[in-house]
Amino acid sequence: MPHSQLRIAMLSAHSCPVGKLGTKDTGGMSVYIREVASELGKRGHLVDIYTRVHDPEDRQIYELNQNARLIHLRAGTEEEIHKLAVYLHLLEFVSNLENFRKQNNLHYDLIFSHYWLSAVAGIYLQQLWHVPHITMFHTLGAVKNAIRKKNCLIPGESEPEFRIETERDLVQKCHHVVVPTEREKIELIRHYGALSGKISVVPCGVNLELFKALDKIQARQYLGFACLPHMKHRGSQSNNDKIILFVGRIDPLKGLDKLIEALSYLRHIKLRLVVIGGGEHSQHEIEQLRKLACEFKVQDAVTFLGLAKYEQLSYFYSAADVCVIPSYYESFGLVALESLACGTPVVATDVGDLKSIIRQGKTGYVLKDNAPYRLADKIDLLLSRPNTDTKSARLIRETVNKFSWSDIAEAIIRDCQVVLASHRSSVS
Ligand code: UDP
């Protein structure tokens with residue numbers, strides 16, 4: 001194998017990268033791993049992604065492409081378990097990974113772990129294999145807790161202290177940390193005392209082949225939006241109605257309740273909010289949101305469509321007039337890139353990298369927080385613009401052309417090579 005081609009063990013212990021996107025624990029990180037691994041594979045690097053078996057029906061090996069594959073390993077039961085419980089099975093995960101590696105005579109140049117649970121497994125493996133370990137946290141426990149402290153009404157549990165302590169320790173022990181934003185770099189330094197030189201900022205990307213601007217009317221027809229129950233009930237002409245889109249996991253930190261409340265300020269517009277995301281484990285949260293919609297008397301304007309296939313999402317983004325990201329926290333905010341790539345403007349809170357992705361007043365608005373009246377104001381502004389045409393969709397898309405996964409993978413490989421070179425010189 002040529003020297004420049006790398007053999008990478010990627011770890012995604014708790015969440016399966018080929019799992020259903022938009023469910024409780026499967027979202028942006030899974031997209032990141034699939035896309036980056038595929039791009040690295042296309043460049044001739046060999047990537048094995050290790051994840052825990054979540055379903056007895058899981059095949060052991062999935063090929064992503066010629067050089068990238070996903071390998072399921074048993075850790076604990078063969079079912080979905082709470083992600084914190086995965087911590088208890090990490091040693092079994094590592095030991096099964098090592099057995100698989102030996103049986104198949106595999107050797108890796110480096111480890112690339114995702115999320116703190118995988119980073120814990122990565123620490124065991126870096127000691128066993130004497131190879132460098134790069135990690136990406138995707139979310140930081142300390143930041144989540146700080147947000148919950150500031151917004152004490154957000155439902156749900158705070159992150160346990162042992163996650164915070166473990167993340168602090170991981171930052172010291174692994175060789176390098178990749179973060180998607182300058183903001184996360186600052187948080188890593190502030191909360192965990194990370195060394196600046198150990199961190200590199202590489203943004204996330206968007207699949208520009210998949211996420212394309214389609215004709216709005218055709219996209220709506222394809223999705224059968226005219227047939228949505230509440231539209232019939234209201235007797236509206238669906239193709240003229242404004243569509244607000246939310247795409248994401250149904251998680252209190254996504255602030256969907258604030259968006260539902262925002263609809264109560266928008267009664268003068270014929271609109272509907274289409275919510276994409278949330279699997280069988282999100283039914284309780286969806287019920288609560290439905291109740292909230294009733295309290296604000298906007299229930300007829302909200303449709304929960306459940307999970308949508310990643311490959312189908314460009315229809316939803318193209319059918320929408322605006323996509324809203326009312327989150328309290330995003331590590332990056334892939335949905336914004338996807339929507340813009342489809343030519344649809346975005347209204348979002350100032351989280352993740354959204355301030356640098358969205359061009360204020362041109363491709364959408366970034367707000368200082370998710371206060372419903374603030375969201376409503378900017379949604380109203382965008383919805384009252386004349387109907388967007390192909391040219392304006394193209395101009396919006398052009399602003400995200402630089403975020404192709406191919407460029408992101410190149411940046412990751414450059415980081416891997418620097419870390420590898422410095423590791424080799426430190427042990428020689
Ligand atoms: N997604 C999907 N189907 C759904 C809901 C979400 O494919 O039903 C995808 C979405 O397109 C995006 C990812 O899940 O690529 C969510 O990533 P984001 O960074 O917005 O949020 P995170 O999950 O990291 O909080």
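Order of listing sets the numbers, starting from 1, for every ligand and every atom in it. Note that these values count all heavy atoms, side chains included, but never hydrogens, waters or copies made by symmetry. One-based numbering along the sequence shown.
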At a 4.0 Å threshold, what atoms of ligand 1 neighbour a non-hydrogen atom of Val31?
15 (O)
Tell me: protein heavy atom nearest atom 20 (O) of ligand 1, and distance?
Val335 CG2, 3.1 Å
Are any of the N/O atoms in Leu334 less than 3.5 Å from those in ligand 1?
yes
What protein heavy atom is closest to atom 11 (O) of ligand 1, reported as residue, atom name and distance in Å?
Glu338 OE1, 2.6 Å
Applying side chain to side chain contact (heavy atoms under 4.5 Å, CB included) to Leu73 and Val53, what does each step give before you reach the verdict?
CA-CA 5 Å; Leu73 299 172; Val53 178; 5.6 Å; no
Nearest protein heavy-atom contact for atom 21 (O) of ligand 1: which residue, which atom, what distance?
Lys254 NZ, 3.1 Å
Any salt bridge between Arg374 and Asp369, counting N to O under 4.0 Å?
yes
To which of Gly277, Ser331, Gly28, Gly248 does the heavy atom nearest atom 22 (P) of ligand 1 belong?
Gly28
Which one of Ile250, Ile286, Leu289 satisfies the side-chain contact (heavy atoms from CB on, under 4.5 Å) criterion with Val275?
Ile250
Which of the listed options, Ile276, Leu21, Thr26, Leu305, holds the heavy atom that is closest to atom 2 (C) of ligand 1?
Leu21
Within the 3.5 Å criterion, strictly below it, is a donor on Glu167 or Tyr115 matched to an acceptor on the partner's side chain?
no
Answer side chain, backbone, both or neither: which part of Leu313 comes under 4.0 Å from ligand 1, heavy atoms only.
side chain
Tyr265 vs Phe296, side chain to side chain contact (heavy atoms under 4.5 Å, CB included): CA-CA, chis, key distance, verdict:
CA-CA 10 Å; Tyr265 294 87; Phe296 286 106; over 6 Å; no
Are Lys20 and ligand 1 in contact, using a heavy-atom cut-off of under 4.0 Å?
no
Are the aromatic rings of His138 and Phe332 close, with centres under 6.0 Å apart?
no
Does Tyr317 have any ring-ring contact (aromatic ring centres under 6.0 Å, His included) partners at least two apart in sequence or in another chain, and if so, which?
Phe211
So is Glu330 close enough to ligand 1, meaning a heavy atom under 4.0 angstrom away?
yes
Taking the ring centre of each residue, are Phe112 and His114 less than 6.0 Å apart?
yes
for atom 5 (C) of ligand 1, nearest protein heavy atom and its distance come out as Gly22 CA, 3.4 Å
Taking atom types as modelled, find out whether Tyr192 and Glu165 have a side-chain donor-acceptor pair closer than 3.5 angstrom.
no
Which protein non-hydrogen atom lies closest to atom 3 (N) of ligand 1, naming both residue and atom, and how far is it?
Ala308 O, 2.8 Å
Mark up the atoms of ligand 1 that fall under 4.0 Å of a heavy atom belonging to Arg249, in ascending order.
22 (P), 23 (O), 25 (O)
Specify side chain, backbone, both or neither for Ile325, according to which of its non-hydrogen atoms lie closer than 4.0 Å to ligand 1.
neither
For Val247, atoms of ligand 1 separated by under 4.0 Å from a heavy atom
5 (C), 6 (C)
Going by distance alone, is a donor N or O of one side chain under 3.5 Å from an acceptor N or O of the other, for Asp415 and Ser200?
yes
